[in-house]
Amino acid sequence: MIRELRGPVLWAGELCKEYGGGAGLVRAVDRASFAVSVGESVAIVGPSGYGKSTLLYLLGGLERPTAGTVRLAGRQLDGMTEGELARLRRRALGFVFQASHLVEELSAQENVELPVLLAGASSRRARQRARELLTQVGLADRAGHLPSALSGGESQRAAIARALVNEPAVVLADEPTGNLDTATGAEVLRLFGQLHAAGQTLVVVTHDERIAAMSDRVIFMRDGRFVDQSTLAGRAGPELGAISGLDL
Amino acid sequence: MGFASESIEQPARGYELRIVQEVLLALLAGEPSHGYELRTRLALALGPLAESLSDGQVYVTLGRLQRAGLVRSKRVDQTDRLERKVYELTRSGRERVAAWLRDTSWPAPAPAVFHLKLVAAAAAGLADPVVLVKLQRDELLLALRDAQQKAWDGPTGSVGGLLLEGVVLRLQADLRWLEACAAHWSARG
């Protein structure tokens, strides 16, 4: 009920993004419209190179659309200056990319402190928040390590801690398991599952079926367009025994 | 496969239907066992998927194997247990286990069946293949969600967890192929 009262935290209307022109015109995102409720997790899936990442950048105000509108946390993105966009991103969004993009010269702890300091909080507050988040992602004992000393899965978990540290309204993730093997990918996946259970709003662009399966809603994208969607939340699955080849 | 009447009445599902029988025979090949021991070992191997296994199933199957002459039972004197019946393999039971272990057939691959369903539905104009793909995809996504959840809930490194890992990988591959089906049939729609 609260969700309905608050309305969508993220809303996109007829979003388009074109590159080039004339015969070389590429429509990376083609009239994409959707709304994400507070606490909802949405996976956007589809083949690589078909506009999924571009869509995420438009939603996060990292790129400007050719046409269409994005509303995030009650604010309309078009018409905002770069400075206003940057402030809104810091306050309302957490980004997770395929590569962790940690600052190599800083420890895991300092990497996670950075967004808190940029948002204007005290260094004491930043240290405290970073410690909390690193504990939450299971990296408390690795806090002092440089990114080069962390494994792929640990780096990605540190990046997730960094994305969460300012309590964003929405976490936008672009192929968060893309660079990881099956087992470390599963660690990150489990962390996303925990975030979702804790009520974090998530929008994840992925071609990892495992992420899609644990989302409330899956949107299928092809050639820049939304071609289909499935709502999984609240639905019962089939008998696993039968799916696994058992017929007991 | 031919078109003999018996294959129409009894579709080939041998591998799946026989699995409990074969596993029980193989477990008995190690040593004679009580029914409850067999049930415990089977449940352990299946991990979270053992919930599909009903309590009486092991005993019903053992009875069937006994009637088929693959297993025999004997009563043993035992004061500390309620169950006194011990099962063991007969000679033909041992031969059957050896044949099962050598058998390299794999569960019937779903793609062929589903693919032909789509082709037939489209050819006869019975249903939109894209809708059939969507139904199937949702079902597999829900199964993948549940398999993952069960894998997380279970102890790490367990033998039952290994089965779930296989289920997850298989479902991922199936879902990837269904996406190719969706793209193909959408382009034709």
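Naming convention: chains lettered A, B, ... in sequence-line order (proteins, then strands); numbering from 1 in each chain. As the structure is a prediction and not an experimental result, all values here were calculated from the model. Side-chain atoms are counted along with the backbone in the values below, which use heavy atoms only and exclude waters and symmetry mates.
For chain B, the nearby part of A/Asp208 is the side chain; its heavy atoms alone come within less than 4.5 Å. When heavy atoms are compared at a cutoff of 4.5 Å, B/Arg176 approaches chain A by way of both its backbone and its side chain. Heavy atoms closer than 4.5 Å to chain B are found nowhere in A/Glu187, neither backbone nor side chain. Residue A/Val227: no heavy atom, backbone or side chain, is found under 4.5 Å from chain B. When heavy atoms are compared at a cutoff of 4.5 Å, B/Gln148 approaches chain A solely by way of its side chain, counted from C-beta outward. The contact between A/Arg222 and chain B is made entirely by side chain atoms (from C-beta outward), counting heavy-atom distances below 4.5 Å. Within the 4.5 angstrom heavy-atom criterion, no atom of B/Val130 approaches chain A. For B/Ala183, the parts lying near chain A are the backbone and the side chain together; criterion is any non-hydrogen pair under 4.5 Å.
Once rounded to the nearest 0.5 Å, the distance linking CH2 of B/Trp177 with CD of B/Gln136 reads 9.0 Å. For the atom pair A/Leu102 CG and A/Ser148 OG, the distance stands at 10.5 Å (nearest 0.5 Å). Interatomic distance, A/Ile211 CD1 to A/Thr177 OG1, rounded to the nearest 0.5 Å: 4.0 Å.
For B/Leu132 against B/Phe114, the heavy-atom pair with the smallest separation is O-CZ, 3.9 Å.
The side-chain tip of A/Arg31 does not point at the ring of A/Phe226 from less than 6.0 angstrom away and within 45° of straight on.
Ranked by heavy-atom pairs shorter than 4.5 Å toward chain B, the options A/Thr182, A/Leu189, A/Val218 are led by A/Leu189. In terms of non-hydrogen atom pairs under 4.5 Å with chain B, the most contact-rich of A/Glu239, A/Glu209, A/His207 is A/Glu209.
Side chain of B/His34 to backbone of B/Lys85: a donor-acceptor contact under 3.5 angstrom is found.
For B/Lys117, the NZ atom sits in a loose shell: 12 or fewer heavy atoms of surrounding residues, nucleotides or ligands are nearer than 6.0 Å.
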